[in-house]
Structures are given as C-alpha cells and as structure tokens.
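Written below as structure tokens is the structure these notes are about.
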Amino acid sequence: MDNSEQNYKDKVWEFLDNIEPCINYTISNICIPENRNKFIACIKSYMDTKKPFQGHITFNHDYTIIYKTNEIEIRPDILPDNPISQKTKSINIKYRNI
C-alpha cells in the first residue's frame with residue numbers, strides 16, 4: 001500500500017471513528033463516485049479490526065448506506081468471576097428442568 005492509499009484509509013477510518021451512532025449515512029453523499037469501491041474496502045477493513053462493543057459498522061443490502069451502532073460500556077465490576085462456569089451452571093440447570 002503506497003502512501004496516498006494509506007492516507008486515504010486513515011482519513012476514512014478517522015471519519016468512521018467520529019460518526020454519530022444510530023444515523024444512516026449515504027455513501028454517495030460522503031465520497032466521490034470514483035472512490036466508492038476504495039471507500040467501501042476501507043470500511044470493510046475497519047470492520048475487521050473493531051470489536052462489536054466498540055460500535056459496529058454495518059452496510060445495507062446494496063452497500064449504499066452505512067450505520068454505526070452505539071458502543072457498549074464494559075463494566076468489569078459487574079462481571080462474574082468466571083463467566084464460563086456461570087454460563088455452564090445456568091445451562092445445566094435449564095436442561096435439567098426440561
């Protein structure tokens with residue numbers, strides 16, 4: 001990736017980091033038609049590096065609109081000590097009651 005491509009990717013990622021969640025953004029209003037495929041590729045690479053709790057980006061069915069979900073606050077103070085064993089216990093109890 002040359003310097004201009006990296007600069008474009010950085011610009012798109014900065015835009016994605018700063019968009020408001022829960023708003024539909026029309027791609028044709030954001031990038032010029034010549035850059036549409038490159039813009040979508042940058043969004044896809046952004047999606048691959050972010051975790052859903054950080055505010056997930058999604059496309060509509062024809063890649064004309066993007067949408068960002070809200071970030072989820074992770075609160076370690078309310079998580080159980082061992083979430084896997086807690087989940088397993090509740091699953092076992094659930095199936096025993098069938």
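Applying the salt bridge (charged side-chain N to carboxylate O under 4.0 Å, His left out) test to D17 and every residue at least two apart in sequence or in another chain returns K50.
F15 and W13 fall within the same hydrophobic cluster, defined by Ile, Leu, Val, Met, Phe, Trp and Tyr side-chain heavy atoms under 4.5 Å apart, directly or through other members. At a threshold of 4.5 Å between side-chain heavy atoms, the hydrophobic network of Ile, Leu, Val, Met, Phe, Trp and Tyr places I19 and V12 in one connected group. Hydrophobic clustering (side-chain heavy atoms under 4.5 Å, transitive across Ile, Leu, Val, Met, Phe, Trp, Tyr) groups Y8 together with M47.
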Donor-acceptor contacts, no H, no angles, side chain residues 20-44, under 3.5 Å, sequence neighbours left out:
{"from": "Y25", "atom 1": "OH", "to": "E20", "atom 2": "N", "distance (Å)": "3.0"}
{"from": "R36", "atom 1": "NH2", "to": "D62", "atom 2": "O", "distance (Å)": "3.4"}
{"from": "R36", "atom 1": "NH2", "to": "Y63", "atom 2": "O", "distance (Å)": "2.7"}

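Here D2 contributes atom CG and N7 contributes atom CG; the two are 9.0 Å apart, rounded to the nearest 0.5 Å. The structure places CD1 of I66 at 10.0 Å from CG of N60, a figure rounded to the nearest 0.5 Å.
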